[in-house]
Amino acid sequence: MSETILEVRDLVKHFPVQVGVLFKRTIGHVKAVDGVSFDLRKGETLGVVGESGCGKSTLAQVLMRLEKATSGTVKFEGRDIFGLKGQELRRLRRDIQIVLQDPYTSLNPRMTVGDLVGEPFEIHTEVAPKGDRQRKVQELLEVVGLNPEHINRYPHQFSGGQRQRIGIARALALRPKVIICDEPVSALDVSVQAQVMNLLDELQTEFDLSYVFIAHDLSVVRHLSDRVAVMYLGKVVELGTDEQIYEHPTHPYTQALLSAVPVPDPELRGRREVIRLTGDVPSPVNPPSGCRFRTRCWKAQDICATEEPPLTERLGHLSACHFAEEHPHVAVV
Amino acid sequence: MSDPTAASSGPALDQGAETRLDDSRKQDKPRSLGSDAWRELRRKPAFTISLAIILLVVLIALFPGLFSHVDPNAADINHARQGPSGQAWFGYDVQGSDMFSRVIYGARASLLVGVLSTIGTVVIGALVGIIAGYYGRWADSVLSRFADIFAGLPFVLGAIVILMTFNAPGSNPGEVRIITQVVLSIAVLSWPVAMRIMRAATLVAKQQDYVKAARGLGAGPMRIIFRHLMPNTVAPVMVYATIALGANIGAEATLAYLGIGLHAPVVSWGVMISDARDYFTVAPHMVLFPAAFVSVTVLAFVMLGDAVRDALDPKSR
């Protein structure tokens, strides 16, 4: 097993809910990320799945140090990233980069592609001497499959997939070790999704990258990930290799998610049991006591309301359910 | 270009796309928004015409002696309110001074007040607005409430208070001093509008993912404000500035009419228009000529602002 590059322990991010115009009063907290722990190993892809509002994107922001964590630690190569300042923080920026979800807003519409991809070199001037930058930018464009002659174009002259490639080129510029992909393909057409995912896959081998790959599309995550973490209401409910998660899920939420994946083959459609969850995701301001999934779980007992199930080894991989067991009818995606 | 299959390989993009760029030969040279905007501007007739008008007005303001040899304050009461003639192209005013000469010599004060107060308004407003919008929290609260104080003052009342405080009634301040005071009082009383426009635009722009990406790259606040926010927020303020320019030349006239702004021997278009108010029906030329100069100058700035705004938006090309 290769070494751990990113170590996340009990990461918590709460956003205060404030009222008042001049004197702000805090009336509660949105518990966006509430005690998340995982390890990212060198060269691996960790998929993070969950429905909208479960804290996936907040997790990405905290890992990038765009938001300060409320508590918990994130260690990059053994050093706590929240303790870094000044030069050390700049150094960290070179090692961890992000690819954002929306290719339409993640590129400044008033900058040329050359300026966009070249900006990392302008901020980190030590990486490339000034005369070298244009060549570097063009190399990067070539690496992500764009025409290097297009450096003087503006983002609106490109399609969604091409824009996402520009975003990837920008993230690659500083030769990072970890790239956090915050739903990088969710905004793209299915045909383009595959191209961008294949590109990410190739780049991983070429540049020895580790990915935290956030998505809400289970099949997308399976395609790329070595291991998968399933999130619900700010917590990881199940974590394991993609085979363990996709073929032997033990947490009822994972089982429900998987059963909702559309079946492409019409012949097989309808043969599989679809677990229909009732109700909505509870508010992250006031999550349920004990197990957060209990309000929608068909297995819920009294213990689920009183005792929070820890994320521990159950049936071969990490799962956070008191009644972890495989569900016989959830088919493979 | 929207064909998703084209994304699979770079070279496939070339055909068709290349023809859209008129400058494919110069592609190897990297350009920025600034140089692109300049190239775009030079081709626009609206820009050339408005720039020519502005340059002419500036030239008149700088060297009025080149355009008229008549003393603007020399008055011959025998000619009072006479219409345009070969001797005096724009006629005479109520005192019998040559109108053409007065319009020429009035350009300096009008342009100074109009342009400087607009620049003052926009610079103060834009800076305070972008800081309030970008930093948010208490900085925003403090700056916004501070702006509200100035926004709450009615313009005329505020200007009377400011100008009367600095110049006791009966005193006769010099030309430079009174122009500076008028410029400052207009800027101080109207910057909150520019500030609110800028703040709103900044609040929208800073939510955009490209700001997040820049922060992720390690960009400092200065880079984010000037490189990412400014270019995307400056358009609405520029529109306001072109409107404010005309309003400020008018505001100068209002202050002159109230007797607290510029006054003789300083000549300005605003002073001339307010002098002529009572004689409009008997001698319309007294309003017409200075008003025409105000309109043409303001129009030129509006056209210039419009052209610059379009040039700074790559999508409009």
Side-chain angles (χ1 to χ4, degrees), chain A residues 21-22 61 64-66 89-90 92-94 96-98 100-102 104-112 114-116 118-120 122-124 134 137 141-142 145-162 164-165 167 170-171 173-174 188-189 191-192 195-196, chain B residues 1-14 17-18 20-21 23-24 26-37 137-138 141-142 144-145 205 207-220 223-224 227-235 312-317:
Chain A
V21 183
L22 204 52
Q61 316 259 319
M64 274 302 288
R65 244 201 91 164
L66 291 172
L89 182 60
R90 278 171 63 85
L92 176 79
R93 299 285 183 213
R94 284 173 54 182
I96 307 184
Q97 272 305 314
I98 192 165
L100 292 156
Q101 173 176 8
D102 186 351
Y104 291 89
T105 63
S106 63
L107 305 175
N108 188 336
R110 286 163 203 259
M111 279 166 85
T112 61
D115 283 343
L116 284 164
E119 191 174 30
E122 268 177 49
I123 297 169
H124 300 267
Q134 194 198 335
V137 168
L141 290 179
E142 207 151 15
L146 291 171
N147 187 339
E149 283 173 11
H150 290 170
I151 52 167
N152 286 328
R153 296 215 179 158
Y154 290 89
H156 73 272
Q157 293 171 307
F158 293 90
S159 68
Q162 291 172 316
Q164 201 56 293
R165 285 165 191 264
R170 174 174 61 188
L174 300 170
L188 305 176
D189 285 346
S191 58
V192 185
Q195 294 166 4
V196 171
Chain B
M1 288 295 279
S2 58
D3 178 11
T5 55
S8 57
S9 67
L13 296 170
D14 278 40
E18 216 62 36
R20 267 189 339 132
L21 288 176
D23 52 343
S24 49
K26 292 189 209 157
Q27 282 236 324
D28 39 338
K29 211 171 159 221
R31 294 193 308 262
S32 63
L33 181 67
S35 61
D36 274 347
R137 297 166 191 261
W138 65 267
S141 301
V142 171
S144 292
R145 297 298 87 76
Q207 300 293 332
Q208 302 285 320
D209 278 352
Y210 56 79
V211 175
K212 222 182 263 175
R215 282 177 56 213
L217 286 170
R223 166 172 283 273
I224 288 175
R227 197 106 166 81
H228 292 280
L229 293 179
M230 272 287 194
N232 289 292
T233 53
V234 85
L312 284 176
D313 183 3
K315 280 184 207 160
S316 71
R317 282 179 209 145

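Numbers restart at 1 for each chain; the letters A, B, ... are given by sequence-line order, proteins then strands. From a predicted model like this one, the values you see are computed outputs, not experimental measurements.
Heavy atoms closer than 4.5 Å to chain B are found nowhere in A:Leu141, neither backbone nor side chain. Neither the backbone nor the side chain of A:Glu142 comes within contact range of chain B, judged by heavy atoms closer than 4.5 Å.
Looking only at distances, no side-chain donor or acceptor of B:Arg223 sits under 3.5 Å from a matching main-chain atom of A:Ile123. Remark: the backbone N or O of B:Leu217 is not paired with any side-chain donor or acceptor of A:Arg93 at under 3.5 angstrom. Looking only at distances, a side-chain donor or acceptor of A:Gln97 sits under 3.5 Å from a matching main-chain atom of B:Gly216.
Of the listed residues A:His124, A:Arg170, A:Glu122, the one with more heavy-atom pairs under 4.5 angstrom with chain B than any other is A:Glu122. The greatest number of non-hydrogen atom pairs below 4.5 Å with chain B, out of A:Gly114, A:Pro155, A:Gly118, A:Pro120, is found for A:Pro120. With respect to chain B, the highest number of heavy-atom pairs below 4.5 Å among A:Leu92, A:Leu66, A:Leu89 belongs to A:Leu66.
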List the steps and the verdict of side chain to side chain contact (heavy atoms under 4.5 Å, CB included) for B:Arg215 and A:Arg65.
-> CA-CA 9 Å; B:Arg215 282 177 56 213; A:Arg65 244 201 91 164; over 6 Å; no
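Counting heavy atoms from C-beta outward, A:Met64 and B:Lys212 have side chains that stay 4.5 Å or more apart. A heavy-atom distance below 4.5 Å is not found between the side chains of B:Tyr210 and A:Leu100. The side-chain heavy atoms of B:Leu33 and A:Tyr154, taken from C-beta on, include a pair separated by under 4.5 Å.
Separation of atoms CG (B:Asp36) and CG (A:Asn152) is listed at 6.5 Å; rounding is to 0.5 Å. How far CD of B:Gln208 is from OG1 of A:Thr105: 5.5 Å, rounded to the nearest 0.5 Å.
Across all non-hydrogen atoms, the minimal contact from B:Pro314 to A:Arg110 is CD-CG, 3.8 Å.
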